[in-house]
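Data block below; observations after.
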Amino acid sequence: MKLAIIGNGNVGKGLTAALARPGHEAKSYGRGDVLAAAVSGAEAVILSTPFAAAEEIARAADFTGKVVIDVSNPVTADFSGLQVGHTTSAAETIAALLPGAKVVKAFNTVFAQHYAGGLTIDGTPIQTFVATDDDAARQTVMQLASDIGLAPVAAGPLKNARSLEPLGFMNIQFGYMLGLGTGIAPKWQIA
């Protein structure tokens, strides 16, 4: 697939490299890049930016018909809580900003460091939870996740991002605030 990754921080760069390994045409774009052409030429777009950048990005290009994967966790500047949550989510806010797009919440519980390290912990693939209202978009993202070595888990409709984003926040708390480091990831046991 041809993928535009908006955001060239650690997660954006990590996803770009991970998606290129199985042969996807993945390119990351940062501030100052012309996003309209990048989005228009992509089959799917990954928003790997802070949640606060969503409005600016929505104005920068036409996302109509695109699968848009939101990896953000809407944490406050001091990492003490979430900017939105429980009655809405960053993903739902982004979907409202991009009414013609097929928005998917995924990859928000995977630390950037895992993309360079094989996306496994003790040989077990890390899970990513995939929430969206569009079944075809879900299958696309689950395939992308499988392609790079993650274990995708269908997580229901986009409104379930209201739970996935606090899970991402808790992962950040465990990793950085509670000292467990970035070698961790949440796992849902499935029988």
Side-chain angles (χ1 to χ4, degrees), residues 1-30 33-50 57 61 63 65-73 90-91 94 98 101-156 158 160-161 164-165 167-168 171-172 175 181-190:
M1 285 187 78
K2 190 170 184 182
L3 304 161
I5 295 90
I6 300 174
N8 54 11
N10 292 336
V11 172
K13 287 177 184 174
L15 274 166
T16 301
L19 288 161
R21 282 193 291 268
H24 294 290
E25 187 179 332
K27 184 173 180 190
S28 63
Y29 299 87
D33 288 330
V34 179
L35 297 183
V39 169
S40 125
E43 296 171 76
V45 178
I46 298 174
L47 299 182
S48 179
T49 60
I57 292 167
F63 291 84
K66 302 293 180 186
V67 172
V68 176
I69 305 162
D70 169 38
V71 304
S72 71
N73 286 307
I94 289 167
L98 307 174
K102 302 166 189 171
V103 176
V104 181
K105 186 72 180 192
F107 307 120
N108 71 302
T109 58
V110 180
F111 280 123
Q113 293 81 350
H114 288 296
Y115 291 110
L119 294 163
T120 63
I121 295 176
D122 293 331
T124 301
I126 294 169
Q127 292 178 337
T128 188
F129 308 98
V130 182
T132 184
D133 295 331
D134 187 284
D135 289 335
R138 180 186 332 279
Q139 290 310 311
T140 296
V141 175
M142 290 183 73
Q143 184 61 58
L144 287 172
S146 291
D147 289 350
I148 63 174
L150 291 168
V153 177
L158 190 63
N160 285 350
L164 295 178
E165 291 169 5
L167 181 61
N171 195 43
I172 292 165
T182 58
I184 63 171
K187 180 178 179 182
W188 203 266
Q189 297 286 32
I190 301 171

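If you're wondering where the values come from, they're calculated on a predicted model, not measured in any experiment. For the single chain, residues carry numbers from 1 onward in sequence order.
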*What do the steps show when you test L98 against K66 for side chain to side chain contact (heavy atoms under 4.5 Å, CB included), and what is the final call?*
CA-CA 10 Å; L98 307 174; K66 302 293 180 186; over 6 Å; no

_By the salt bridge (charged side-chain N to carboxylate O under 4.0 Å, His left out) test, which pairs, at least two apart or in different chains, include something from residues 103-117?_
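Every salt bridge (charged side-chain N to carboxylate O under 4.0 Å, His left out) pair that includes a residue of residues 103-117, provided the two are not neighbours, is D70-K105, K105-E165.
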
*Partner of F63 under side-chain contact (heavy atoms from CB on, under 4.5 Å), chosen from I94, V103, V45*: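 Filter result, single survivor: V45.
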
Is a donor on one side and an acceptor on the other found under 3.5 Å between the side chain of [X] and the backbone of [Y]?
{"X": "D134", "Y": "A136", "answer": "yes"}
{"X": "N160", "Y": "A155", "answer": "yes"}
{"X": "T128", "Y": "P152", "answer": "no"}
{"X": "N108", "Y": "N73", "answer": "no"}
{"X": "S28", "Y": "N8", "answer": "no"}
{"X": "H114", "Y": "I184", "answer": "yes"}

With a 4.5 Å heavy-atom cut-off, do [X] and [Y] have their side chains touching?
{"X": "T140", "Y": "E43", "result": "no"}
{"X": "L19", "Y": "I46", "result": "yes"}
{"X": "L47", "Y": "I57", "result": "yes"}

*Within 6.0 Å of CG in N10, more than 12 heavy atoms from elsewhere*: no

[atom1] of [X] to [atom2] of [Y]: how many Å apart, nearest 0.5 Å?
{"X": "K2", "Y": "E25", "atom1": "NZ", "atom2": "CD", "answer": "5.0 Å"}
{"X": "T124", "Y": "K187", "atom1": "OG1", "atom2": "NZ", "answer": "5.0 Å"}
{"X": "T16", "Y": "R21", "atom1": "OG1", "atom2": "CZ", "answer": "11.0 Å"}

*In sequence, state the C-alpha distance, the side-chain angles, and the governing distance for I69 and L3, and then conclude on side chain to side chain contact (heavy atoms under 4.5 Å, CB included).*
CA-CA 10 Å; I69 305 162; L3 304 161; 5.8 Å; no

Closest approach of [X] to [Y] (non-hydrogen atoms, all atoms of both residues):
{"X": "L119", "Y": "I148", "value": "CD1-O, 3.1 Å"}
{"X": "F111", "Y": "T182", "value": "CD1-O, 3.5 Å"}
{"X": "V71", "Y": "F107", "value": "CG1-CB, 3.6 Å"}
{"X": "A131", "Y": "L158", "value": "O-CD1, 3.6 Å"}
{"X": "L164", "Y": "F129", "value": "CD2-CB, 3.5 Å"}
{"X": "A26", "Y": "I5", "value": "CB-CD1, 3.8 Å"}

*Can you name the residues that form a side chain to side chain donor-acceptor pair (under 3.5 Å) with Q143, not counting sequence neighbours?*
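Checked Q143 against side chain to side chain donor-acceptor pair (under 3.5 Å); matches are D147.
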
*Not counting sequence neighbours, which residues clear salt bridge (charged side-chain N to carboxylate O under 4.0 Å, His left out) with D135? List them please.*
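Once residues adjacent in sequence are excluded, the partners of D135 under the salt bridge (charged side-chain N to carboxylate O under 4.0 Å, His left out) criterion are R138.
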
